[in-house]
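One structure is given here, and the rest of the page talks about it.
All values reported here derive from a predicted model rather than from experimental measurement.
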2 protein chains.
Amino acid sequence: MDLLTIGDMAARSGVAQSALRFYEREGLISSTRTGGNQRRYERHELRRIAFIRIAQQVGVSLDEIREALAELPDKRTPTRADWARLSARWQRKLEDRIAMMERLRDQLTGCIGCGCLSLQRCTLVNPSDTLAAKGPGPQRILHAPE
Amino acid sequence: MDLLTIGDMAARSGVAQSALRFYEREGLISSTRTGGNQRRYERHELRRIAFIRIAQQVGVSLDEIREALAELPDKRTPTRADWARLSARWQRKLEDRIAMMERLRDQLTGCIGCGCLSLQRCTLVNPSDTLAAKGPGPQRILHAPE
DNA sequence: CTGCAAGTTGAAGTGAACTTCAGCTCAAGG
DNA sequence: CCTTGAGCTGAAGTTCACTTCAACTTGCAG
């Protein structure tokens, strides 16, 4: 077999073993077990991990990542097309986020000119006016505009 | 006087009162007190709050924000120029971050083509190879490339 | 077969950024 | 004056994404 141990996975992905176990508990990745109860990973799990890290870079929560990954075929090894479909969706998110940051940048430029930084005049603070509307509760940094 | 109560500040900034008290404990904003120990804010504190929220949008931690704000004059009300100087610095950070997201996007595009999402071949997962090198400890989402 | 690195578990700890709570006090309109 | 809403405090709780720990078991090289 060409199954990988958790050590291999950690080395190849740069993700700590503890994080891999955590991801498994959270249902983001999966493994089989040896007779002695040790984890063995199929190679394509590396791809899932790559996907998770990329999504995190984009600022997506593990919850949302789990949902996305749930769309992958459960039984068979995901094909190139499966991954491409998913990636395309994240690419969209990324573009949205980039667009938001650019708006932020442009507005900040304007604000430097006028020195205002006023809260309601500049739409800087509530970029898409959704942030304040979220009410109390911890607010996500760099929330992804859906 | 035209001092604002914490309720006013919350309403005008869209930031919860509890968060404002928290920011004050953390030394990010300040207030004077009435005889009856209630907070009263000068209007320019709104600008600090705006700045805090903007910086958070860019993905900066409160620690870093505190450092940045420490450069503002402590005694006098910050001038337009003071703010402009600070804003310019954040604008730089924003551009860096946008650049990183764009790299991410372009690479993701490439990966969709080849369907790879491989961890080490694509530099996608460790965009500037610093992430994995950070060792154990919670890793910041969307870390700002310094 | 032995030694030891590598793996296992559940529970508890961490840090960031807040929120919630309980038990009070203050301030302003009627 | 009195009520009612706004504000105060310290301590504890919350969520996210993990890490650390202790005590124990596996697996492979020699």
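Electrostatic pairing of Arg48(B) and Glu24(B) does not count as a salt bridge here, judged by no charged N lying under 4.0 Å from a carboxylate O. Using a cutoff of 4.0 Å between basic side-chain nitrogens and carboxylate oxygens, Glu64(B) and Lys93(B) are scored as salt-bridged.
Nucleotide dG7(C) holds its C1' atom 15 Å from the CE atom of Met9(A), rounded to whole Å. Spacing between atom CG of Leu3(A) and atom P of dC28(D) amounts to 12 Å, rounded to whole angstrom units. Following rounding to the nearest Å, Tyr41(B) (OH) and dA6(D) (P) show an atom-to-atom distance of 16 Å. In this structure, CZ of Phe22(A) is placed 9 Å from P of dT19(D), rounded to the nearest angstrom. Nucleotide dA17(C) holds its P atom 16 Å from the CD1 atom of Ile49(B), rounded to whole Å. For the pair Glu26(A) CD and dT19(D) P, the computed distance is 13 Å after rounding to whole Å. Remark: C1' of dC18(C) and CG of Leu28(B) are 12 Å apart, rounded to the nearest angstrom. For Arg39(B) and dT25(C), the CZ to P distance is 17 Å, given to the nearest whole Å.
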Extract from the structure each pairing of a protein N or O with an N or O of nucleotides 2-5 of chain C at less than 3.5 Å, listing the distance.
none

Strictly under 3.5 Å: I want the nitrogen or oxygen pairs between protein and nucleotides 27-30 of chain C, one per line.
none

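Distances shorter than 4.0 Å separate none of the side-chain N or O atoms of Tyr23(B) from OP1 or OP2 on dA17(C). Taking side-chain N and O atoms only, Gln17(B) has a distance below 4.0 Å to OP1 or OP2 of dG7(D). Checking the phosphate oxygens (OP1, OP2) of dG7(C), a side-chain nitrogen or oxygen of Thr5(A) falls inside 4.0 Å. Between Arg25(B) and dA16(C) there is no side-chain N or O to OP1 or OP2 distance below 4.0 Å.
The nucleotide whose nearest atom lies closest to any side-chain atom of Ala16(B) is, among dT19(C), dG7(C), dA17(D), dT19(C). Relative to the side chain of Ser18(B), the nucleotides dT20(D), dG7(D), dT20(C) differ in distance, and dT20(C) lies closest.
In this structure, OG on Ser30(A) lies 8.0 Å from CD on Glu42(A), to the nearest 0.5 angstrom. A distance of 12.5 Å separates CG of Leu3(B) from CD of Gln38(B), quoted to the nearest 0.5 Å.
Looking only at distances, no side-chain donor or acceptor of Ser13(B) sits under 3.5 Å from a matching main-chain atom of Ile49(B). Side chain of Arg39(A) to backbone of Thr5(A): no donor-acceptor contact under 3.5 angstrom is found. A donor-acceptor pair is defined here as one N or O able to donate and one able to accept, closer than 3.5 Å; no such pair exists between the side chain of Ser31(B) and the backbone of Arg40(B).
With sequence neighbours excluded, the residues that form a side-chain hydrogen bond (donor to acceptor under 3.5 Å, both in side chains) with Asp82(A) are Arg76(A), Thr79(A), Arg85(A).
Donor-acceptor pairing under 3.5 Å is lacking for the side chains of Arg89(A) and Gln91(A).
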